[in-house]
Amino acid sequence: MQKYKGSTFTVTPTEVKTGTRADLEASGLELDQSGGAMLPVYVSATLTHKSGKPMAVADLDDDLVVRTDKDERTRSLIVLMGQATWPDCPAQDTEKRLSAGQSESICNVFLIPQGQKPAAVELTQGFTAAPLEWTVR
């Protein structure tokens, strides 16, 4: 984030929804089954650029983490080859740039082990500061 030093923005989680195994199977995603059964978690948030240089949506949302009730943490899903589609999480334009005063609603998909529940959404702040945390209700 050095290229945006001095810029300010807010991230506001607005909804957390756990998907189903059927969502995962219909997504088109091929999973390595060695990690066990997984479920998708959809996290919707609003990103607002407050000041500074224009910032890409991908640079604003990549520090989100889901913490489960078993205290496991996972970052949002990145599909390297091909595509995955999700019924409750439309694809977003991660290259879209936001200027000061602009906002964007986003949705990220996280995979958690089946049998666990999302307990919190966290925004990491590097290695020197504790993450910001929003409890899932």
Is there a side-chain contact (heavy atoms from CB on, under 4.5 Å) between T124 and V65? Walk through the geometry before answering. CA-CA 7 Å; T124 62; V65 172; 3.7 Å; yes
Here the gap from R67 atom CZ to Q116 atom CD, rounded to the nearest 0.5 Å, amounts to 11.5 Å
Taken to the nearest 0.5 Å, the spacing of H49 NE2 from S103 OG works out to 10.5 Å
For D23 and G19, the nearest pair of non-hydrogen atoms, with its separation, is OD2-CA, 3.3 Å
Partner of P118 under side-chain contact (heavy atoms from CB on, under 4.5 Å), picked from T135, I112, T68, is I112
Nearest heavy-atom contact between W134 and L123 is CZ3-CB, 3.8 Å
Taken to the nearest 0.5 Å, the spacing of R75 CZ from D63 CG works out to 6.0 Å
V41 vs V16, side-chain contact (heavy atoms from CB on, under 4.5 Å): CA-CA, chis, key distance, verdict
CA-CA 7 Å; V41 172; V16 177; 3.8 Å; yes
To the nearest 0.5 Å, atom SG of C107 lies from atom NZ of K17 at 10.0 Å
What one should report as the nearest heavy-atom pair of C89 and N108 is SG-N, 3.7 Å
If you define the side chain from C-beta out and look only at heavy atoms, does anything of F110 sit under 4.5 Å from V43?
yes
So NZ of K53 and CZ of R97: to nearest 0.5 Å the spacing works out to 10.0 Å
What one should report as the nearest heavy-atom pair of G52 and S7 is CA-OG, 3.4 Å
Charged N to carboxylate O below 4.0 Å: is that the case for D71 and R73? yes
Q | Verdict with supporting geometry, T14 and S44, side-chain hydrogen bond (donor to acceptor under 3.5 Å, both in side chains) | A | CA-CA 6 Å; T14 56; S44 297; 4.8 Å; no
* Any luck finding a side-chain donor-acceptor pair between T8 and S51 under 3.5 Å? -> yes
Minimal heavy-atom distance between A56 and E95, with the atoms involved, is CB-O, 4.4 Å
Which of L39, L111, V109 passes side-chain contact (heavy atoms from CB on, under 4.5 Å) with L24? Answer is L111
Rounding to 0.5 Å, atoms CG (L132) and CG (L64) come to a distance of 10.5 Å
- Query: L77, Y42: one ILVMFWY side-chain cluster at the under-4.5 Å cut-off?
  - Reply: yes
